[in-house]
Amino acid sequence: MIRWRYVVLVFLSGLVAGLDLAADDSRSTGESVRVLAPDQRPNDARLGNRKTLNDHFPFQSPENPAQWYSRSDMLRRQVLVATGLWPMPNKTPLNASIFGKTRRDGFTVEKVVFESLPGHFVTGLLFRPSEPSAEKRPGVLSPHGHGGRNQAFTDEELAAQLKEGGEHFAGSGRMPKLARCAQLARMGCVTFIFDMLGYADSIQIEQDVAHKHAAVRPTETELVDGAWTFFSIQADSRLQSIMGLQTWNAIRALDFLASLPDVDAERLGVTGGSGGGTQSILLGAIDDRIKVSFPNGMVSTAMQGGCYCENCNLLRIGTGNVELAALFAPRPQGMTAADDWTSEMMTDGYPQLKWLYAMIGDERDVYCRPLLQFKHNYNYVSRATMYQWFNRHLKLGLDDPVIEQDFEPLTQSEITVWDAQHPPPAEVGITHERSVCRWFDEQATEKLKLGEPLDEVNIAEFRYVVGGAWQAMMGCEIPAATNYTEVAKGQNEYRKWTKGMLRDPALGTELPLVSVTRAEGPDPEKGVVIFTSVDGKEKAFKETGLPGKTLYRLIRAGYTVMLPDLLGQGEFLKDGEVPNGQTVIDDPRPYSAFTFGYNPTLVASRCADLLTVVAHARLSDPSHVTLVGMNGSCAWAAPAAAIAGPAIDHTVIKTDGFRFDSVKNYRDPNFVPGAVKYGDLPAILALRAPHSLFLAGDTPLPPIVASAFLVPDVSDSIVEPSSIKIYDEVNSFID
């Protein structure tokens, strides 16, 4: 006997507006559909200022290990999605070259160039102990931070550093980033310092583009041979960023270091300062090969990193640098606090890290040394703290304390990679940006395989990878608890209604909600319909308060209809305010990540709002909960239905052929970073399977959607044939 499996998918190409006045009910409720007084707006936390990189980012210690392990898994996925590395691209051959050895007392320096991806060259300097060893040595990766690996103090700056004790030597102290590499090599570590984009020998993407992108370039709005540049809407919609490329370069730099014959791949460390500290945090969060870390100058609940290269969409929504650093736990991690944005770490951030380490490991394996007498730095004193940390945790076996020694400074020719025998790459600038973006796009296409039908073999991977990405992009789930306050209720001979405010206390959100049913009461077999459209709840009614055709027929059929205003709709708006506006940070730097690296998009917020209404609807234990998304609402209704899964029994969505790929800039209300990379609207609709979906407005039916609903599923959510009756009633307002 053939059973109806999981879903009935009905495909229709046309749908009438369905919001006209119903002729057979001419009596108004006599009331406005507003819940609040005309001069009031919801008490919603999102109506305050948008979060910026200069706000407060506290780390709340988890209550137990299980809570942390669940949270940390989600955060790692968020980091990988945000940086464009979910799933991880293929690691192509490095084609590394090591040459030009320079000798100093206790260490050697060699020049390095390798390809992190085909045609993109990473350059740097490799420091090795000068004394041979029969045993493999620890490897230390050193992201340098802003100013470049060759950054040198002027005579005046060096004199000031020597006077205050920030540096101890006039020779090596002039170039402090190279000084730490030299000392680590003298301690027995093979140390690689590689160039950030646009610094020193990294010339393929200009420094002004990677770190000082002050104005939109004409090339950001142009496609050449179908390719785009960084900071374009095409890059944003695929989560391609300078930060993501630098993170990929760091991963490949670790690959290079670990591959060296004299390096013990089981004893790898990372340390960087300032922007290099940011890179150290991210690399430690996502690469478990690193055994000890010292991210200096950026583990803070205050400023999170002010450069383009330290920001990408989605990265710090609901989190911050301290919690991202906590992803390294329980592995040993040290840092210092200075007279900068890290100044409060000893009371705000560090205690929470110690609590976490004590709970899942050893409290002694995290350390923050207060050095508030110094401004932002990675100076001699901070480096000394790092040396002790690495000596202990990389088991170097040196006498404690380790004292940094002076050395003869390296000349410009000794630290410059490109020369006549090793000429710089020919592909640079805009042309190279397009090549890099194209490569990442091709990798995503190959890995995600969204052009292939889903079947029993690949659907689990699709749900894990693509579903996980959309979960990270929306950043929401059905809340564990909601609070509802009834404001008013009424009844006439045709229907009755209640009006109230629905809150998600965990998020601090508050939604105006109107619920309507027929006067004689709902049909217990029908359940609840949650109705959403682009214009909010008022569009379901005539100006007089009468239900439109769609609402009227659902009420008369016996459904309880819940109509919320979501963020940016109806009662959320002030007089004269544009509805459905995407709120962005008023930042002179034209980059989406300065807003949406810290705040959810409007689509994500509305998705969360719908899930709050779903949680509320479920409290009455209805026979069914149905989500109806009409008139431009599919951008948030579809992901809400996918995330909710069986908590929504039926979903009715009118798409009107919408695609996120049609969004032209990050100020568009339907902008979602990563939406195009992860399959656009068809992939979200496919993620709704195996739970029932009624789809209208897409011709032809996207193959990925059709195939998703044909795959046998092992879940218990089998839908019996009786559930198809809802479609007969929906058909009553479909032409």
Would you say that [X] contacts [Y] through its side chain, given a criterion of any heavy-atom pair below 4.5 Å between the two side chains?
| X | Y | result |
| --- | --- | --- |
| T247 | Q279 | no |
| V292 | F390 | yes |
| Q333 | Y357 | yes |
| C368 | M346 | yes |
| R186 | F407 | yes |
| R137 | P129 | yes |
| D195 | V122 | no |
| W248 | K91 | yes |

Would you say [X]'s side chain and [Y]'s backbone share a donor-acceptor pair under 3.5 angstrom?
| X | Y | answer |
| --- | --- | --- |
| D365 | G361 | no |
| R369 | T336 | no |
| K136 | L260 | no |
| T52 | N54 | yes |
| R331 | I290 | yes |
| E167 | N379 | no |
| N296 | G272 | no |
| R76 | A285 | yes |
| E344 | T301 | no |
| Q207 | G198 | yes |

Shortest non-hydrogen separation from [X] to [Y] and the atoms involved:
| X | Y | value |
| --- | --- | --- |
| H211 | H146 | ND1-NE2, 3.7 Å |
| P138 | G188 | CD-O, 3.6 Å |
| R289 | I251 | NH2-O, 3.6 Å |
| S382 | N377 | OG-OD1, 2.7 Å |
| S172 | A179 | O-CB, 3.7 Å |
| Y350 | V366 | OH-O, 3.6 Å |

Approximate separation, where rounding is to 0.5 Å, of [X] [atom1] and [Y] [atom2]:
| X | Y | atom1 | atom2 | value |
| --- | --- | --- | --- | --- |
| L53 | R316 | CG | CZ | 8.0 Å |
| N313 | M473 | CG | CE | 10.5 Å |
| I415 | T123 | CD1 | OG1 | 11.5 Å |
| M335 | T385 | CE | OG1 | 12.0 Å |
| T191 | L126 | OG1 | CG | 8.0 Å |
| S202 | R149 | OG | CZ | 9.5 Å |

- [ ] Identify the residue among R383, R180, H168 that makes a side chain to side chain donor-acceptor pair (under 3.5 Å) with E404.
- [x] R383
Is it true that [X] and [Y] have a side-chain N and a carboxylate O under 4.0 angstrom from each other?
| X | Y | value |
| --- | --- | --- |
| D264 | K291 | no |
| K354 | D362 | no |
| D339 | K375 | yes |
| R104 | E414 | yes |
| R438 | D441 | no |

Would you tell me whether [X] and [Y] have side-chain atoms, one donor and one acceptor, within less than 3.5 Å of each other?
| X | Y | result |
| --- | --- | --- |
| T92 | E115 | no |
| S300 | Q304 | no |
| Q352 | S61 | no |
| K177 | N150 | no |

Open item on the list: side chain to side chain contact (heavy atoms under 4.5 Å, CB included), that's the test. Do L184 and Y387 meet it? Break it down for me.
Closed with: CA-CA 7 Å; L184 284 166; Y387 300 145; 4.2 Å; yes
Determine, using ring centers only, whether [Y] and [X] are less than 6.0 Å apart.
| X | Y | answer |
| --- | --- | --- |
| W86 | Y464 | yes |
| F256 | F194 | no |
| Y308 | F230 | no |
| F192 | F127 | no |

TODO: Fit a plane to each ring of H432 and H120, take the angle between them on a 0 to 90° scale, and name the class: parallel (under 30°), tilted (30 to 60°) or perpendicular (over 60°).
DONE: parallel
Task: Parallel, tilted or perpendicular, as decided by the 30° and 60° cut-offs, for the rings of Y591 and F231 - done: perpendicular
- [ ] Begin with the C-alpha distance, continue with both residues' side-chain angles, and end with the deciding distance and a verdict on side-chain hydrogen bond (donor to acceptor under 3.5 Å, both in side chains) for T271 and Y378.
- [x] CA-CA 10 Å; T271 182; Y378 203 169; 2.5 Å; yes
- [ ] Would you sort out whether D155 and R174 count as a salt bridge (charged side-chain N to carboxylate O under 4.0 Å, His left out), showing the intermediate values?
- [x] CA-CA 8 Å; D155 290 344; R174 185 179 292 274; 2.9 Å; yes
Open item on the list: Heavy-atom count check: over 12 atoms from other residues, nucleotides or ligands less than 6.0 Å from W355 CH2?
Closed with: no
Open item on the list: For the CG atom on D400, are there more than 12 heavy atoms of other groups (residues, nucleotides or ligands in this structure) within a distance under 6.0 Å?
Closed with: yes
- [ ] May I ask you to check if K51 and F57 form a cation-pi contact, with NZ or CZ under 6.0 angstrom from the six-membered ring centre and within 45° of the axis?
- [x] yes
- [ ] Let me see the working for Y380 and Q161 under side-chain hydrogen bond (donor to acceptor under 3.5 Å, both in side chains), right down to the final yes or no.
- [x] CA-CA 10 Å; Y380 179 94; Q161 288 290 323; over 6 Å; no
- [ ] Report the C-alpha separation of L239 and T83 in whole Å, then their side-chain angles, then the decisive distance to 0.1 Å, and conclude whether the side chain to side chain contact (heavy atoms under 4.5 Å, CB included) test is met.
- [x] CA-CA 7 Å; L239 291 170; T83 53; over 6 Å; no
Task: Full working for side chain to side chain contact (heavy atoms under 4.5 Å, CB included) between L282 and V79 - done: CA-CA 8 Å; L282 285 197; V79 172; 4.0 Å; yes
TODO: Test side chain to side chain contact (heavy atoms under 4.5 Å, CB included) on V402 and Q183 and set out the steps.
DONE: CA-CA 9 Å; V402 177; Q183 181 60 38; 3.6 Å; yes
Task: H422 and its ring-ring contact (aromatic ring centres under 6.0 Å, His included) partner, picked from F121, F99, F114 - done: F99
